[in-house]
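A short worksheet on the structure shown next.
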Amino acid sequence: QVQLVESGGGLVQAGGSLRLSCAASGRTFSHYAMAWFRQAPGQEREFVANIAWNGGRTGYADSVKGRFTISRDNAKATVDLQMNGLKPEDTAVYYCAAAYTTALVTSREAYDSWGQGTQVSVSS
């Protein structure tokens, strides 16, 4: 497994932007597909965005498509999530996750390494 630490959460007004970052350590970062998930109070943890091991492919949930952008830097072992046009319904704890695969997977069960999460709150 790889160890993951998220940063960059906070409180922002609707329409604002935040950039989340996830730093990985412990294993070869470029061997992992990476993803961001989120969990709102009382809700299931849901997929937000993912990126393949080499950054060549990305995927997004319909709810964030066109507003969020995922990127990675294998030399720095980091994966970022740029969030623009934030809405109150984006409020959640955001988790970084890693899956040892070359595929671009969206299911929560495919990811076996998770960060501790960072809170994102969007006020109306």
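Quantities reported herein were computed from a predicted structural model and do not represent experimental measurements. Throughout, residue positions are numbered sequentially from 1 according to the sequence presented. Quick note: numbers below take in every heavy atom, side chains included, and nothing from hydrogens, waters or symmetry partners.
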For Asp73 and Thr78, test the side chains for any donor-to-acceptor distance below 3.5 angstrom and give the result as yes or no.
no
Would you mind listing every salt bridge (Lys or Arg N to Asp or Glu O under 4.0 Å) that reaches into residues 74-83, with sequence neighbours excluded?
Arg19-Asp80
Using modelled atom types and a 3.5 Å cut-off, is there a donor and acceptor pairing between side-chain atoms of Asn84 and backbone atoms of Ser17?
no
Could you state the interatomic distance from OG (Ser21) to CD (Gln82), rounded to the nearest 0.5 Å?
11.0 Å
Taking it one step at a time, do Ser113 and Gln3 satisfy side chain to side chain contact (heavy atoms under 4.5 Å, CB included)?
CA-CA 7 Å; Ser113 296; Gln3 288 73 50; over 6 Å; no
Distance in Å, Ser63 OG paired with Glu89 CD, rounded so as to fall on 0.5 Å steps
9.0 Å
Is it true that Asp62 and Lys65 have a side-chain N and a carboxylate O under 4.0 angstrom from each other?
yes
Spell out, as yes or no, whether a donor-acceptor pair under 3.5 Å connects the side chain of Asp90 to the backbone of Ala14.
no
Just wondering, more than 12 heavy atoms not from Trp114 lying within 6.0 Å of its CH2?
yes
Cluster companions of Leu86 among Ile, Leu, Val, Met, Phe, Trp, Tyr (side-chain spacing under 4.5 Å)
Val2, Leu4, Val12, Leu18, Leu20, Phe29, Tyr32, Met34, Trp36, Val48, Ile51, Tyr60, Val64, Phe68, Ile70, Val79, Leu81, Met83, Tyr94, Tyr100, Val120, Val122
Rounded distance [0.5 Å steps], OH in Tyr95 versus CZ in Phe37
12.0 Å
Is it true that atom CD of Glu109 has more than 12 heavy atoms of other residues, nucleotides or ligands lying nearer than 6.0 Å?
yes
Given side chains that start at C-beta, do those of Val105 and Tyr111 come closer than 4.5 Å, heavy atoms only?
yes
Could you go through the side chain to side chain contact (heavy atoms under 4.5 Å, CB included) check for Thr118 and Val93 one step at a time?
CA-CA 5 Å; Thr118 186; Val93 177; 6.0 Å; no
Working to the nearest 0.5 Å, report the span between CD of Glu6 and SG of Cys22.
5.5 Å
Inter- and intrachain pairs under salt bridge (Lys or Arg N to Asp or Glu O under 4.0 Å), touching residues 41-58, at least two apart
Arg38-Glu46, Glu44-Arg108
